[in-house]
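Worksheet: one structure, shown below.
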Amino acid sequence: MPSLSDYLRSSIWARDLPAEALERVCAESFEKASPAGGYVCRRGEPVEHWIGVVEGLVKICAISPDGRTMTFTEISGGGWFGEGSLLKSDTRKYDAIALRPSHMALMPRATFTWLLDSSIAFNRFLLNQLNERLAQFMATVEYDRLLAPEARIARCLAMLFNPHLYPGIEARLHLSQEEIGFLCGVSRQRANQALRVLEDAGLLKVEYGSITALDVQGLMRFGE
DNA sequence: TCATTAAATTGTT
DNA sequence: AACAATTTAATGA
């Protein structure tokens, strides 16, 4: 696992920062670990940090009043989240839960705000990240309303390989079929069935507790 | 290292 | 939703 300092320095947004700015970011940020199943942060909490996943996998999710869970997206190593909440002065709107033992980098609000006020490069990065996220969620609504379940699941999974939002993602994703169901808005049974169709199409490989993407472009085009 | 057991995940109805 | 089968992880000799 990379050290916190190495992790911060290798983040995409850090590349165009002057050395002194990086020093300050490293000095003020800190690390936090969460066990599998543990909350990284919860809905309703005050938002004090921008959060980067150093290692592991974190889902951003909500739970319905009757207990059903739905997942918006999964953040893997290299990904950052929570900037939307930091830009507003409001409590956190969603839960973040570690799906595997995970390490997070926490950048305090003051540091984040300072970067925002002092670095055009950082602003450019954030604008791009917000734009990519908006595109992802617009696409999700589109797929949800226009596509058959198998194509929807294919594209939900393909979107996790967006290099802007999830720079450290690997072809093999350690997600159970139940979690894939939460992510794609289908039952575990439906996810199971769809995964086998996609495997037969040669687009991914299904294994115990994980899937391996073989053809992300193909997943994105499935059902056209 | 191997066998046993529990827990997690998947397959099926 | 429930149940059975399978895979992995944990434990202890």
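Atoms considered below: every heavy atom in the structure, side chains included; atoms not considered: hydrogens, waters and symmetry mates. Below, chain A is the first sequence line, B the second, and so on; all start at residue 1. Keep in mind it's a predicted model, so treat the numbers as computed, not measured.
- Remark: P of B:dA7 and CZ of A:Arg100 are 22 Å apart, rounded to the nearest angstrom.
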Review point. What string of B, S and - do you get for nucleotides 3-9 of chain C, 5' to 3', when a contact is any protein heavy atom under 4.0 Å?
Key: ----BS-
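- Of all heavy-atom pairs between A:Tyr166 and A:Phe161, the closest is CD1-N, 4.5 Å.
- By the 4.0 Å N-to-carboxylate-O rule, A:Arg92 lies too far from A:Glu48 to be salt-bridged with it.
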Check your understanding: Can A:Leu116 and A:Leu87 be said to form a side chain to side chain contact (heavy atoms under 4.5 Å, CB included), step by step?
Key -> CA-CA 10 Å; A:Leu116 211 54; A:Leu87 291 167; 3.6 Å; yes
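- Atom CD1 of A:Ile180 is separated from atom C1' of B:dT10 by 12 Å (rounded to the nearest Å).
- Atom pair A:Glu178:CD and B:dA8:C1' shows a separation of 10 Å (rounding to whole Å applied).
- Residue A:Arg196 contributes atom CZ, which lies 9 Å from atom C1' of B:dT10 at whole-angstrom precision.
- Listed by chain and residue number, A:Glu132 satisfy the side chain to side chain donor-acceptor pair (under 3.5 Å) test with A:Asn162 (two or more places apart in sequence, or in another chain).
- In this structure, A:Gln193 atom CD and B:dT13 atom P are separated by 13 Å, rounded to whole Å.
- Residues satisfying the salt bridge (Lys or Arg N to Asp or Glu O under 4.0 Å) test with A:Arg145, not counting sequence neighbours, are none.
- Atom CZ of A:Arg190 and atom C1' of B:dT10 are 16 Å apart (whole Å).
- Note: CZ (A:Phe182) to C1' (B:dT9) measures 13 Å, nearest angstrom.
- Per the geometry, CD belonging to A:Glu179 stands 14 Å off C1' belonging to B:dT10, to the nearest Å.
- One donor-acceptor pair, N or O on each side, does fall under 3.5 Å between the base of C:dA1 and the side chain of A:Gln189.
- Using modelled atom types, one finds no donor on one side chain facing an acceptor on the other under 3.5 Å when comparing A:Asn192 with A:Arg188.
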